[in-house]
Amino acid sequence: MKEIRHKVDGDTVSIKVAEVEEDLEDFRTFVRANVKVLAADSEATGLDTYAPGHRTRLWQFGTAHESWVIPVELGGQFAEDTRRTLLGVSELWFQNGSFDLQEADKHLGVPMEKLWPKVRDTKIVSHLVDPRGQEEGGYGHGLESLTRAYIDPAVADEVKGSMTALARQYKTTKAKIWEKVDLFDPTYLLYAGMDPILAARLAKKTLPLVPASSRPLLAFEHEVSEICSYMERTGFLLDREYTERLSAWLLGQEERYKEIAATLGVENVNSTDQVAEAFIQRGVKLEKRTASGKFQVDKAVLKPLIEAGDELAIAITEAKKAGKWRSTWVDTFLATADEHGRCHASINSLRARTARMSITGIPAQTLPSSDWMIRRCFVADPGHDIASVDYKAQELRVLAALSGDHNMIEAFSRDADLHLITARAAFGEHITKDSKERKYAKVVNFGRVYGGGVKTVQEQTGLDKETAQTVVDGFDRAYPGVARLSKQLQKEARRDGFITTPSGRRLPVDADRAYSALNYLVQSTSRDVTCRGLVKLHKAGFTPYLRLPVHDEVVVSLPREKAEWGANRIGELMTEQMGPVLVSTDPVVAGKHWGSEYQVDENGDPDWELREKADAEIKAAGLW
DNA sequence: CAGGTTAGCACC
DNA sequence: AAACGGTGCTAACCTG
């Protein structure tokens, strides 16, 4: 047994390392003495728990003053004692427990289901104390920044620097040091052994700081995190054959368009400098500049050129698109699929300032939605169908409920066309459903929720200032309760520095951007609606079928014979009555692959013509 | 030359 | 008086 002593916040703490199996006798004594509550952590070869070749290297357990480092990589009794400790201790504190529980489940054979009931997560606590990242004026939610804020800045600096220094010493990168470092390297052991000590201290310091209004959210957020961790573990089945064909096809597209761009003088389509230079050479007047003073050559700038048939603009856009789609999505899916052909997303169930989730690995929130190509890579389990259940106009319904605006509530209660109502308030009763005015109104309906005004409406619609003003005024006239709520929230935000959502969550609002308070409230409450839906689905036993949450939507894989029934049942469970507003859902069974649900008509029924067209496109592209 | 920043683009 | 909120990922570019 090896012991490392270190100073933390004026105390001397002791890190003990089990080097040989005989050392475990003392470890067991330590666990018995702290069987009610311990902090725990694990170190692995990387963050990709499900990647082939991934290994867990260490498990660590500790109190505020003492920790033990167990080299589970050596297997045998080390792994066995770790299992017994995880299962035997009554309360386990983690910093981001979702990660460690996947490690325990996949690489130690301890099912997450057995651990979740006793998990407490300092990251969840930290988010409820202050949801802001460091860039936003908060403390952040990583162990290092939390240590700096709540425990001991000197220790935070050591933690920050230690693995970077090791990477240099081992002549490798920060990403690779985790698998390269010697299992008993003293710096590594100090780093690893410190983690549970810090987590234990964080728990003590931060738990009392959770505002009274937010305390009921503690249990709720642990449950949401648990459900998301099961989705991560399940993974989403990849259609490898299709995905490989798609990758090859995209590569072909990229090369074809790159060649055209090259003949027109652009060697590297991804270089904005080169692109701008080439257009200036062609006599195009570039006007807009970026923040750092460069010529802007984004989609909005290229759009009119493409419409005018400019070959270079078309070639650059298409080459960039094909390249990005391949590298960001298609090839990443192929590279990260596990031995069963499943991709595992990483779901941060409590991420944004507004508590919105984020999903990485499979960046589910940013996959192209109007184009079926990318989502089509993911398929239902054998014998299953994909279904997607989304909330109907979730944020607007939530806004109606929160603002109590009579017109908006009334419109939703009779399933009226909200965009048409806004359009008519702006332009008059003669406006029809398929008019361009309704399209402008739609932009404003969403834009107002985001806090946008006349200028942004102009940018998005191309309208002149007066007409844009007319639509915005139409919105404000149609739903006066919205402006009223916004005003009230801004007052609250300026007074307190935060607003409180109906779920009790505190949302800090920057004084110079008080207008964002309305958006924060709507976005956060919408997220809570989706998460309450997830909890209901979990309680009803649907968890094994859940694949991904996407803001206002849940994607599931359901046994084919029960898919219609299941999707409708899920839709019912997710539906929530918010005061006078029914936040209802729209279940759609898509078929064998994800993405096909987008070939539906306005009633949500399959649009066979569109589907046939999509199939023809797939065949024509040689992807079949 | 590893790692941070910027520009651009994908989504709700 | 007016105010576009939130997210992730890549290639290019920049820097210590």
Side-chain angles (χ1 to χ4, degrees), chain A residues 131-133 135-136 164 167-168 171-177 267-276 288-302 316-317 319-321 323-329 331-332 345-348 351-371 373-375 390-391 393-396 398-399 443-444 446-460 469 472 476 483 486-487 490 507 509-524 526-527 530 548-553:
Chain A
R132 293 172 299 175
E135 336 68 52
E136 298 170 308
T164 314
R168 262 200 300 277
K171 299 197 193 318
T172 185
T173 60
K174 264 167 101 176
K176 286 210 173 124
I177 187 62
E267 276 306 316
N268 184 352
V269 293
N270 285 312
S271 164
T272 48
D273 293 348
Q274 278 188 35
V275 170
K288 286 185 5 189
R289 303 266 189 165
T290 69
S292 64
K294 292 184 174 186
F295 285 114
Q296 199 160 35
V297 281
D298 62 9
K299 243 170 115 178
V301 175
L302 296 188
I316 286 168
T317 307
K320 273 172 74 175
K321 185 170 151 183
K324 169 145 197 204
W325 283 26
R326 197 170 57 84
S327 59
T328 309
W329 295 312
D331 284 0
T332 311
S346 177
I347 305 172
N348 190 344
R351 166 66 180 86
R353 181 198 287 239
T354 58
R356 256 198 181 182
M357 297 186 184
S358 84
I359 306 180
T360 54
I362 304 173
Q365 295 169 326
T366 58
L367 299 183
S369 61
S370 57
D371 195 318
M373 255 186 210
I374 303 294
R375 293 185 189 217
D390 66 342
Y391 288 95
Q394 189 193 43
E395 292 204 332
L396 283 172
V398 166
L399 175 61
V443 171
V444 173
F446 289 113
R448 285 308 257 177
V449 182
Y450 294 153
V454 174
K455 209 172 91 189
T456 52
V457 171
Q458 262 188 278
E459 272 165 24
Q460 279 179 37
Q469 183 73 56
V472 170
D476 293 342
S486 180
K487 243 179 139 177
Q490 292 185 49
L507 304 179
V509 181
D510 302 339
D512 56 342
R513 292 201 311 170
Y515 65 89
S516 14
L518 176 73
N519 176 258
Y520 288 175
L521 183 73
V522 172
Q523 190 179 104
S524 190
S526 299
R527 177 272 186 197
T530 304
L548 291 169
V550 190
H551 297 304
D552 63 342
E553 175 188 4

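Lettering of chains follows the sequences in order, A, B, ..., and the numbering in each one begins at 1.
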Original post:
Roughly how many Å is it from NZ in A:K171 to P in B:dA2, rounded to a whole number?
Top reply: 13 Å
What N/O pairs connect the protein and nucleotides 3-5 of chain B at under 3.5 Å? Give each pair on its own line.
{"residue": "B:dG3", "atom": "OP1", "partner": "A:K174", "partner atom": "N", "Å": "3.2"}

Original post:
Base, sugar-phosphate, or nothing for A:V550, non-hydrogen atoms under 4.0 angstrom?
Top reply: nothing
**OP:** Show the numbers, then the answer: is there a side-chain hydrogen bond (donor to acceptor under 3.5 Å, both in side chains) between A:T530 and A:E553?
**Re:** CA-CA 8 Å; A:T530 304; A:E553 175 188 4; over 6 Å; no
Original post:
What nucleic acid atoms does A:Q490 come within less than 4.0 Å of, heavy atoms only: base, sugar-phosphate, or nothing?
Top reply: base
**OP:** Could you state the atom-to-atom distance from NZ of A:K455 to C1' of C:dA1 in whole Å?
**Re:** 13 Å
Original post:
In Å and rounded to the nearest 0.5 Å, what is the CG to OG distance from A:L521 to A:S516?
Top reply: 12.0 Å
**OP:** Output the single nucleotide from C:dG5, B:dA10, B:dG8 whose closest atom is nearest the side chain of A:K320.
**Re:** B:dG8
**OP:** Nearest whole angstrom, please: distance from the P of B:dA7 to the CD1 of A:I316.
**Re:** 18 Å
**OP:** Quickly work out the A:R132 CZ to C:dG5 C1' distance and round it to whole Å.
**Re:** 16 Å
**OP:** Could you check whether A:G447 gets within reach of a base, just the sugar-phosphate, or nothing at all, counting any heavy atom under 4.0 Å?
**Re:** nothing
Subject >> Minimal non-hydrogen separation, A:E267 against A:Q274, with atom names >> reply: N-OE1, 3.2 Å
**OP:** With sequence neighbours left out, write down each residue that passes side chain to side chain contact (heavy atoms under 4.5 Å, CB included) with A:E459, or none if nothing qualifies.
**Re:** A:K455
Original post:
Nearest 0.5 Å, what's the CG-CZ distance between A:L399 and A:F446?
Top reply: 11.0 Å
Original post:
For B:dC12, does either OP1 or OP2 sit under 4.0 Å from a side-chain N or O belonging to A:Y391?
Top reply: no
Subject >> Exercise: identify the closest heavy-atom pair between A:W329 and A:T366 >> reply: CZ2-O, 3.3 Å
Original post:
How does protein reach along nucleotides 6-16 of chain C, written 5' to 3' as B (base within reach of a heavy atom under 4.0 Å), S (only sugar-phosphate), or - (no contact)?
Top reply: BBBBSSSS---
Subject >> Residues A:E135, A:R353; criterion salt bridge (Lys or Arg N to Asp or Glu O under 4.0 Å); working and verdict >> reply: CA-CA 11 Å; A:E135 336 68 52; A:R353 181 198 287 239; over 6 Å; no
**OP:** Please tell me if the side chains of A:R351 and A:M357 come closer than 4.5 Å, counting only heavy atoms from C-beta onward.
**Re:** no
Original post:
Measuring from A:I177:CD1 to A:R168:CZ, what's the distance to the nearest 0.5 Å?
Top reply: 11.0 Å
Subject >> Nearest-angstrom distance from the residue atom NZ of A:K299 to C1' of B:dC11 >> reply: 11 Å
**OP:** Assign A:Q296 to base, sugar-phosphate, or nothing according to its heavy-atom contacts below 4.0 angstrom with the strands shown.
**Re:** sugar-phosphate
**OP:** Given salt bridge (Lys or Arg N to Asp or Glu O under 4.0 Å), test A:D476 with A:R448 step by step and report yes or no.
**Re:** CA-CA 9 Å; A:D476 293 342; A:R448 285 308 257 177; 2.9 Å; yes
**OP:** In whole angstrom, give the distance that lies between atom CG of A:L399 and atom C1' of B:dC12.
**Re:** 15 Å
**OP:** Give the rounded distance in Å between these two atoms: OH of A:Y450 and P of C:dG5.
**Re:** 11 Å
**OP:** Using atom CD of A:Q458 as one end and atom P of C:dA2 as the other, report the distance to the nearest whole Å.
**Re:** 13 Å
**OP:** Indicate, with a heavy-atom threshold strictly under 4.0 Å, whether A:V449 touches base, sugar-phosphate, or nothing.
**Re:** nothing
